[in-house]
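First comes the structure, then the notes that go with it.
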Amino acid sequence: MDTRQFIQRDETCWEIKPYGNMRVPAIIYADAQLLEDMDQKVYDQLTNVATLPGIVEAAYAMPDAHWGYGFPIGGVAAFDPEQGGVVSAGGVGFDISCGVRTLHTGLNIAELQPHKQALADALCRTVPAGVGSRGKIHLNHDRMHGMLTGGAKWALEQGYGEAQDLDRIEEHGCMAGAEAHYVSPRARERQKDEMGTLGSGNHYLEVQRVAEIFDPVVAKIFGLHIDDVVITIHCGSRGLGHQIGTEFLKEMAMSAAQYRIVLPDRELACAPLNSPLGKKYLGAMRAGINCALANRQIITHLTRQAVATVFPGIHLGLLYDVSHNTCKLEHHMIDGQKKALYVHRKGATRAFGPGHPDLPDVFKKTGQPVLIGGSMGTSSYVLCGTQESEQRAFSSACHGAGRAMSRTQASKQWQGRTLVEELAERGIIIRSPSMRGVAEEAPSAYKDVSAVVDIADRAGLARKVAKLEPVICVKG
DNA sequence: ATGTCC
């Protein structure tokens with residue numbers, strides 16, 4: 001888009017002053033190149049978000065922003081319930097609590113090298129991936145309830161994982177305030193055989209090598225050293241989250257008039273935080289968060305089993321688990337006053353800085369790990385939260401490379417088979433049940449993750465700690 | 001993202 005539509009506030013900050021029905025400014029963090037390459041729809045969607053009731057400070061877009069359903073993906077917006085603030089299902093996204101977790105393996109790349117194929121086989125065999133993938137776990141009504149209210153904590157109680165995992169998960173593995181009775185029978189039905197599965201699209205399980213360290217002090221505390229092998233899991237709440245999103249979008253769209261909310265775009269459907277529908281969505285969405293936390297916890301267990309068949313006796317400790325599709329009640333300083341706000345992060349990662357009370361002791365000095373997944377065959381990054389991020393975007397950072405091209409366009413332009421061969425030549429093993437899926441995920445269909453992360457770092461949204469390069473990628 | 005259209 002045309003950068004002349006913005007006032008450039010500093011090197012990485014571009015502002016649109018409120019006009020028309022906008023209640024607050026819209027702000028995009030980017031450099032001129034990333035901004036030029038962004039779709040005009042990001043501008044339209046972000047300025048639309050800025051019109052919503054009760055929005056506080058500004059509507060923000062992260063450097064990986066691209067157009068999404070209603071809200072842009074890479075969007076951050078906070079709402080004050082005391083000022084008629086709203087919650088929007090489109091502001092969370094269809095894949096509720098989609099997120100990333102990274103595990104230490106204690107291996108280095110030289111130890112892995114001779115066993116790469118064997119490990120790829122084992123992971124592929126053990127972790128179900130792909131559209132409609134099902135697992136070996138089947139949830140009856142009681143176990144479903146336990147999962148929806150207990151998250152990763154429930155998974156742990158069921159025997160999936162280790163007690164020390166919980167401290168290294170957002171919300172300590174269990175999202176409070178989940179109201180399972182607002183999760184429909186159909187959402188439950190879709191999920192009952194899908195626990196411990198990756199799903200499709202940009203979801204993956206990746207074995208990675210620590211390729212570069214930017215901050216040795218923080219990297220050491222995060223347990224990352226050059227040539228260490230780590231495993232990263234990227235997935236969310238599968239069919240259940242999608243069903244919750246679908247149902248509430250519809251209900252919110254139908255009741256907008258009743259709440260006298262004027263929507264510039266039907267896709268921005270929302271409900272007041274203090275309304276019955278708003279509260280109902282929050283309860284169901286939090287159950288969706290628990291589903292995603294439990295799912296990643298079970299996949300972690302399966303990953304540990306798979307790795308143990310190749311490297312017996314190995315221990316996979318959790319670095320951290322972060323979500324990037326949520327709406328969370330958080331306290332932030334607004335005009336010198338502490339306010340309770342509902343922060344929507346859609347394709348944006350929470351990035352609490354040093355000293356934040358919600359962080360476990362191990363991250364109190366460093367800020368939380370901010371895990372940024374790259375696209376297939378490209379690098380991923382580990383960053384750490386900063387204190388200034390709270391003033392910049394309610395303690396948020398980017399979540400990945402961000403799409404630069406639609407799935408349809410990508411599948412026309414590339415062939416899955418060819419991509420797999422090209423990546424194999426670079427020593428990267430891709431395993432996927434869908435070659436079309438691989439084509440849709442072609443590295444060039446995404447923005448340059450390194451450019452995105454550099455901007456996040458320079459904008460102070462989060463600080464670069466380490467770069468990870470893919471070795472094995474199991475894709476949905 | 002998604003039993004890639006109930």
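This is a predicted model, so every value here is computed, not measured. FYI, side chains are in, hydrogens and waters are out, and symmetry mates aren't considered; it's all heavy atoms of this structure. The chains referred to below are lettered A, B, ... by the order of the sequence lines, with proteins before strands, and numbering in each begins at 1.
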Round to the nearest Å and state the distance from A/F94 atom CZ to B/dC5 atom P.
-> 12 Å

Which pair of heavy atoms, one from A/I244 and one from A/A284, lies closest together, and at what distance?
-> CD1-O, 3.5 Å

Ring centroid separation A/Y281 to A/F248 under 6.0 Å | yes

Between A/S200 and B/dT4, is there a side-chain N or O to OP1/OP2 distance below 4.0 Å?
-> no

So which one's nearest nucleotide on DNA chain B is more toward 5', A/S434 or A/C98?
-> A/C98

Within the structure shown, what part of the strands sits under 4.0 Å from A/G201 by heavy-atom distance: base, sugar-phosphate, or nothing?
-> sugar-phosphate

Candidates B/dT4, B/dT2, B/dG3 - which lies nearest the side chain of A/V131 = B/dT4

Whole angstrom is fine here: how far is it from CD in A/E247 over to C1' in B/dG3?
-> 15 Å

According to a strict under-4.0 Å criterion, is A/R238 in side-chain N/O contact with OP1 or OP2 of B/dT2?
-> yes

How many Å lie between NE2 on A/H203 and P on B/dT4, as a whole number?
-> 16 Å

Scan A/Q243 against the nucleic acid and name what it touches under 4.0 Å (heavy atoms): base, sugar-phosphate only, or nothing.
-> nothing

If you measure from the Lys or Arg side-chain nitrogens to the Asp or Glu carboxylate oxygens, is any gap between A/R403 and A/D64 under 4.0 Å?
-> no

Between A/R403 (CZ) and B/dT4 (C1'), how many Å, whole number?
-> 13 Å

Distance, rounded to the nearest Å, where A/H242 contributes NE2 and B/dC5 contributes P = 9 Å

What's the CG-P distance between A/D95 and B/dT4, to the nearest Å?
-> 15 Å

Rounded to whole angstroms, how far apart are CD on A/E194 and C1' on B/dG3?
-> 7 Å

What's the CD-P distance between A/E189 and B/dG3, to the nearest Å?
-> 12 Å

Worked check of side-chain hydrogen bond (donor to acceptor under 3.5 Å, both in side chains) between A/E170 and A/Y320 | CA-CA 8 Å; A/E170 242 180 83; A/Y320 205 49; 5.7 Å; no

With respect to the side chain of A/R186, which nucleotide from B/dG3, B/dT4, B/dT2 is positioned closest?
-> B/dG3

So what does A/T246 hit on the nucleic acid, given a heavy-atom distance under 4.0 Å: a base, only sugar-phosphate, or nothing?
-> nothing

Apply side-chain hydrogen bond (donor to acceptor under 3.5 Å, both in side chains) to the pair A/R238 and A/S133, showing each step before the final yes or no.
-> CA-CA 10 Å; A/R238 307 284 288 107; A/S133 45; 3.3 Å; yes

